[in-house]
Amino acid sequence: MPHRLFPTAAVLLTLISAPAQPQGAGSALDDSLSRMSEILGALHYLRGLCEASEGSRWRNEMQNLIEAEGTTPERKTRMVANFNRGFQGFQQTYRTCTPAADLAIRRYLAEGAKLSREITARYSN
């Protein structure tokens with residue numbers, strides 16, 4: 001069954017064009033970016049494990065997200081740490097593609113799609 005991919009590129013374009021948030025207002029955005037980073041890390045590991053033949057797609061999406069939204073060293077560090085947490089959490093658990101790993105992929109794709117829509121709706125011009 002093919003997996004629907006969430007529109008990360010659309011989120012990136014929206015975030016690039018979004019106006020700067022006032023001081024303190026970025027915490028909700030930071031939380032969303034942190035979660036998106038963790039999802040991308042998990043997908044990078046799991047999709048490779050389950051032979052999705054996507055290569056570095058999810059890592060590249062993360063790099064694009066960092067370039068678009070890693071506006072401060074603290075935010076960039078937090079995003080990278082969350083990507084690594086998502087990747088390493090599943091790396092420690094799964095050595096082969098199992099039905100549970102496939103279920104995790106489907107859930108992360110769905111959550112990522114929802115989060116993408118929410119970020120776009122909340123922070124677009």
Side-chain angles (χ1 to χ4, degrees):
M1 162 158 86
H3 297 288
R4 241 180 56 186
L5 305 178
F6 59 92
T8 305
V11 171
L12 295 175
L13 292 174
T14 300
L15 293 175
I16 291 169
S17 62
Q21 297 295 313
Q23 197 71 344
S27 92
L29 176 58
D30 286 337
D31 291 346
S32 295
L33 292 172
S34 291
R35 183 63 184 151
M36 181 68 79
S37 299
E38 189 171 353
I39 290 168
L40 291 171
L43 288 170
H44 182 59
Y45 180 75
L46 290 170
R47 295 287 284 175
L49 183 69
C50 291
E51 300 176 12
S53 300
E54 295 173 330
S56 295
R57 177 199 170 114
W58 299 104
R59 185 182 178 288
N60 293 340
E61 293 286 353
M62 183 64 205
Q63 186 60 46
N64 292 336
L65 187 61
I66 289 170
E67 289 171 8
E69 285 301 312
T71 55
T72 65
E74 295 82 16
R75 181 183 276 175
K76 182 178 178 180
T77 298
R78 193 169 38 252
M79 291 169 69
V80 169
N82 282 299
F83 178 88
N84 290 338
R85 182 178 304 113
F87 184 94
Q88 292 167 350
F90 284 100
Q91 185 182 40
Q92 293 172 2
T93 306
Y94 294 99
R95 299 286 185 236
T96 61
C97 186
T98 64
D102 191 56
L103 177 62
I105 289 169
R106 289 194 308 272
R107 287 183 176 171
Y108 276 119
L109 289 171
E111 183 181 354
K114 181 179 181 221
L115 186 55
S116 293
R117 288 187 302 272
E118 290 171 358
I119 291 171
T120 301
R122 187 169 187 180
Y123 298 102
S124 66
N125 291 332

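This one's a predicted model, so the numbers in the text were calculated from it and none came from an experiment.
Although no hydrogens or angles enter the test, the distance criterion places a donor-acceptor pair under 3.5 Å between the side chain of Tyr123 and the main chain of Leu29.
The CG atom of Asn64 sits 6.0 Å away from atom CD of Glu61, with the distance rounded to the nearest 0.5 Å. Annotation: the span from Leu40 atom CG to Arg47 atom CZ amounts to 12.5 Å, rounded to 0.5 Å.
Every residue two or more places apart in sequence or in another chain that forms a side-chain hydrogen bond (donor to acceptor under 3.5 Å, both in side chains) with Glu67 is listed here: Gln63. For Asn84, the side chain to side chain contact (heavy atoms under 4.5 Å, CB included) criterion is met by Val80, Gln88, not counting sequence neighbours. Residues satisfying the side-chain hydrogen bond (donor to acceptor under 3.5 Å, both in side chains) criterion with Thr71, sequence neighbours excluded, are Arg75. Listed by chain and number, the residues in a salt bridge (charged side-chain N to carboxylate O under 4.0 Å, His left out) with Arg35 are Glu38, Glu111 (sequence neighbours excluded). Remark: Phe87 pairs with His44, Tyr45, Gln91 by the side chain to side chain contact (heavy atoms under 4.5 Å, CB included) rule, at least two apart or across chains. Listed by chain and residue number, Asn82 satisfy the side-chain hydrogen bond (donor to acceptor under 3.5 Å, both in side chains) test with Arg85 (two or more places apart in sequence, or in another chain). Under the salt bridge (charged side-chain N to carboxylate O under 4.0 Å, His left out) criterion, Arg78 pairs with Asp30, sequence neighbours left out.
Of all non-hydrogen atoms in Thr96 and Leu49, the two that sit nearest each other are O-CD2, 3.5 Å. Closest approach of Ala42 to Tyr108, counting heavy atoms only: CB-CE1, 3.9 Å. When all heavy atoms are compared, the tightest approach of Leu115 to Ser32 is CD2-O, 3.6 Å. Tyr94 approaches Leu46 most closely through the heavy-atom pair CD1-CD2, 4.2 Å. In plain terms, the two heavy atoms of Met36 and Gly112 that are nearest each other are CE-O, 3.9 Å.
Applying the disulfide (SG to SG under 2.5 Å) definition to pairs two or more places apart or across chains, those involving residues 66-100 are Cys50-Cys97.
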